[in-house]
Amino acid sequence: MRSGQARLAIDYGSADTTAVLAWPDGTWTPLLFDGEPALPSAVLLSEDGTTVTGHHAWRAAPVTPHRFIPHPRQPSEQRLTVADTDVDPLDLVAATLRHVAEQAHQIAGPGIDDVRLVVPAGWGPRRRTWMRHAAHRAGLPPPQVIDAPTAVAAHLLATGLQLPAGAYLAVCDVGATAEVSVLRRGPAGFEVLATLADPTAGGTAIDDALTTTLTTDPPSTGGQRWAVAASLRAGKHALTDHPAVTVPLPDGPAVVLHTGLLDQAAQPVLQRIAHLTTEAITAAELTPRDLIGVYCVGGTARLPLLAPTLTDAGITPTLVDQPTLAAARGAADAGATNTTAEPTTPGEPVPPVRRAAAIALPGFASLALVSQFLLTPQWRGSLMYREAILNWGELTMAAVFAVIACLSAGTVLASTIANRTTTPTSPGTHTGTGILAAASLGVAVSGMYAVVGSLYVGYPVNGFLRWTLLPITPTITAAAVIALIAARQWRTPAGGWSKLLAFPTGSVITAAAGMLLIQYSLTADRWPHLILWINLAGRVGGLLLGIGTVMAVVSQPILRLILSAPLAVITAALVSWSASGILGAIYAIAVTTWWLRQMWTHLLRPHHPHRPPQ
């Protein structure tokens, strides 16, 4: 018996239960049950009212099948009837936990005060409380409940895997059932972004398929059914060390179980697991390329066919060392002192250098447009009274590009500061503050354009303010809402805020070039011998402006191609002094639409990657 402040971590699964003991010095040991690290979760109610657990329950199942419960873990409100007796599943789970506690006390003594229970990530508060009640009924102290994928991630971190702040990973937990979760390492630990479960995609389904394959006549009685299940269960586990094993069957000849038969039975189930993994990654609004890796745990994860099945689905899996113990080991490590683990840092990724283009391009485009606007007004009238005809749409687009440049700069700088700061302030606070400051700067620059234009042309400032501040007001409002979301950390987008708010540079280049050509064509009367070519340049500019507008609103290439043609024709037809303001307003609306789409799609849209809590 070893003394000390041991931590007991229990992973109570649908089919098997594993547990480990860990000590403050970093050592740990798995609990063994009849020499095996996995204790079957099955229980059997004997006639005298006692509960038989684990391997003993499976051995007794063929004799008294009507008293055997292979999967006691039931929904919290469900009751069971066993041998015409109403049974609370809570008592059955408590019996297995009591068995684990007794084994732990033999090693660490009775003074185990730190207990951790591993539960599926999709469980809601009701089922978690139900498990706490089971632990209490088993005589355990109040446990800390830890999500299975979070426990696995903690185990990976403790065993040396480099998981930088902001990294994404997926945990494919395949035991009797399957659960796939996508996590992100954030400033306060691991955050589960999406989790999907399928009770028909796991070891139980494979056992059923093997039974159908190897038995020409399915077992007709409960006793035969559990005897066959026990034999196939043992044979399937033995295949991890042998290419073929002989499996005895009740009331019939023994059969040879080999890896080919196992693969045949497992193939449809593993394909469902691959599909479930793909769905979970999609539900987290990520792609497999965004992940550090996909890590497989659980007894069924040891099947050799799982890796190629996931690979065929475009996913590169990694089998975690000792996959049946990974969750329990991680739960034991959670919260423990770990001097080798990377310290938790704010989770906003550092923006790449190429993000500078998102600042420079709209900034230069804004300066080019406002310069052309000021230098190329069309003057009419006499010397005593001269009237300036201005391209208000060009001034509007200069203000819009100024706002885009400021918001891009503010987001990138705030994200960089949030990543490098050592203060306890939330990274979202830095990002939200940066967005608000950048929005204010964008308004100030737009206002400056209006004032400078008013002084340069000699017109009242009201008209200039109308074409600079009003078009950008909806975009500024959307940016303020996003800043609030960032500061409150309601949802952190994939790749960080700087990636989410990087306005498409292709739209900036195309639309700016289009408006420059439009303004150039509107001054064509200064060069009469080039009137034909300059008018053609104006129509091309209108086409480019329409294409740039669609590029801002739509991201899918095929939709861009379909929508660009009609809008480009419309904007090309509108090229004129009288309609120039409309062209600028159209692009300003497109920019606002882009911001609203980013806010809705990535931050506000309700999605349900988790199953409903029970």
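Values below: all heavy atoms of this structure, side chains included; hydrogens, waters and symmetry mates excluded.
By the 4.5 Å heavy-atom criterion applied to side chains, Thr96 and Leu39 are counted as neighbours. Side-chain contact check for Leu196 versus Thr277: every heavy-atom pair is 4.5 Å or farther apart. At a threshold of 4.5 Å between non-hydrogen side-chain atoms, the residues Ser555 and Arg597 count as touching. At least one side-chain heavy atom of Tyr295 sits under 4.5 Å from a side-chain heavy atom of Leu156. Side-chain atoms of Val182 and Leu169, non-hydrogen and from C-beta on, never get closer than 4.5 Å to each other. Residues Glu102 and His105 are not in side-chain contact: their nearest non-hydrogen atoms beyond the backbone lie 4.5 Å or more apart. In this structure, the side chains of Leu8 and Leu140 come closer than 4.5 Å at one or more pairs of heavy atoms. The closest side-chain heavy-atom distance from Pro89 to Pro72 is not below 4.5 Å.
Judged by distance alone, the side chain of Arg73 and the main-chain N or O of Tyr12 form a donor-acceptor pair under 3.5 Å. Not a single donor-acceptor pair under 3.5 Å links the side chain of Asp34 to the backbone N or O of Glu36. Although no hydrogens or angles enter the test, the distance criterion places no donor-acceptor pair under 3.5 Å between the side chain of Thr53 and the main chain of Val43. Under a 3.5 Å cut-off, the side chain of Thr27 and the backbone N or O of Trp23 do not form any donor-acceptor pair. Under the 3.5 Å distance criterion, the side-chain polar atoms of Thr50 are left unmatched by any main-chain donor or acceptor of Ser46. In this structure, His258 contributes its side chain and Gly260 its backbone to a donor-acceptor pair below 3.5 Å. With hydrogens and angles ignored, the 3.5 Å screen pairs no side-chain donor or acceptor of His155 with any backbone N or O of Ala151. Side chain of Arg272 to backbone of Asp198: no donor-acceptor contact under 3.5 angstrom is found. Remark: side-chain polar atoms of Glu179 are paired, donor with acceptor, to backbone N or O of Ala121 under 3.5 angstrom.
Here CG of Leu45 is found 5.5 Å from CG of Leu92. Values are rounded to the nearest 0.5 Å. Rounded to the nearest 0.5 Å, atoms CD1 (Ile107) and OG1 (Thr29) are 5.5 Å apart. Within the model, atoms CG of Leu310 and OG1 of Thr316 stand 9.0 Å from one another, a figure rounded to the nearest 0.5 Å. Leu262 CG to Ile206 CD1: the interatomic distance, rounded to the nearest 0.5 Å, is 6.5 Å. Taking CG from Leu31 and CD from Gln106, the interatomic distance works out to 9.5 Å, rounded to the nearest 0.5 Å. The structure places CD of Gln598 at 7.5 Å from CD1 of Ile482, a figure rounded to the nearest 0.5 Å.
Taking each heavy atom of Ala42 and Trp58 in turn, the nearest pair found is CB-NE1, 3.7 Å. Counting all heavy atoms, side chain and backbone alike, Thr300 lies closest to Gly175 at OG1-O, 2.8 Å. Between Leu21 and Ala104, the closest heavy-atom pair is CD1-O, 3.8 Å. The nearest pair of heavy atoms linking Val100 to Ala19 is CG1-CB, 3.7 Å. Looking at every heavy atom in both residues, Ala301 comes nearest to Leu319 through O-CD1, 3.5 Å. Residues Ala326 and Val297 share a closest heavy-atom pair of CB-CG1, 3.8 Å.
By the side-chain hydrogen bond (donor to acceptor under 3.5 Å, both in side chains) test, Ser41 is found to be paired with Thr17, residues two or more places apart in sequence or in another chain being considered. Under the side-chain hydrogen bond (donor to acceptor under 3.5 Å, both in side chains) criterion, Asp114 pairs with Arg116, not counting sequence neighbours.
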Carefully, step by step, assess Val118 and Met131 under the rule side-chain contact (heavy atoms from CB on, under 4.5 Å).
-> CA-CA 10 Å; Val118 178; Met131 281 299 295; over 6 Å; no
Please report the C-alpha distance between Asp147 and Phe190 in whole Å, then the side-chain angles of each, then the deciding distance to 0.1 Å, and finally whether the side-chain contact (heavy atoms from CB on, under 4.5 Å) criterion is met.
-> CA-CA 10 Å; Asp147 292 338; Phe190 290 98; over 6 Å; no
Where do Val119 and Ile146 land on the side-chain contact (heavy atoms from CB on, under 4.5 Å) test, with the steps shown first?
-> CA-CA 6 Å; Val119 300; Ile146 301 175; over 6 Å; no
CA sep, side-chain torsions, deciding dist, call: Val180, Val171, side-chain contact (heavy atoms from CB on, under 4.5 Å) = CA-CA 6 Å; Val180 181; Val171 175; over 6 Å; no
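Looking only at atom types and distance, the side chain of Thr309 has no donor-acceptor partner in the side chain of Asp312 under 3.5 Å away. A donor-acceptor contact closer than 3.5 angstrom links the side chains of Glu279 and His275.
Comment: Asp11 does not engage Arg329 in a salt bridge, judged by the lack of any side-chain N to carboxylate O separation of less than 4.0 angstrom. Comment: Arg7 does not engage Asp113 in a salt bridge, judged by the lack of any side-chain N to carboxylate O separation of less than 4.0 angstrom.
More than 12 heavy atoms of other residues, nucleotides or ligands sit less than 6.0 Å from atom NE2 of His55. Counting heavy atoms of neighbouring residues, nucleotides and ligands inside a 6.0 Å radius, atom NE2 of His71 exceeds 12 of them.
A cation-pi geometry, defined here as NZ or CZ lying under 6.0 Å from the six-membered ring centre and within 45° of its normal, holds between Arg127 and Trp123.
The side-chain contact (heavy atoms from CB on, under 4.5 Å) test with Leu270 is passed by exactly one of Leu305, Asp263, Val174: Leu305.
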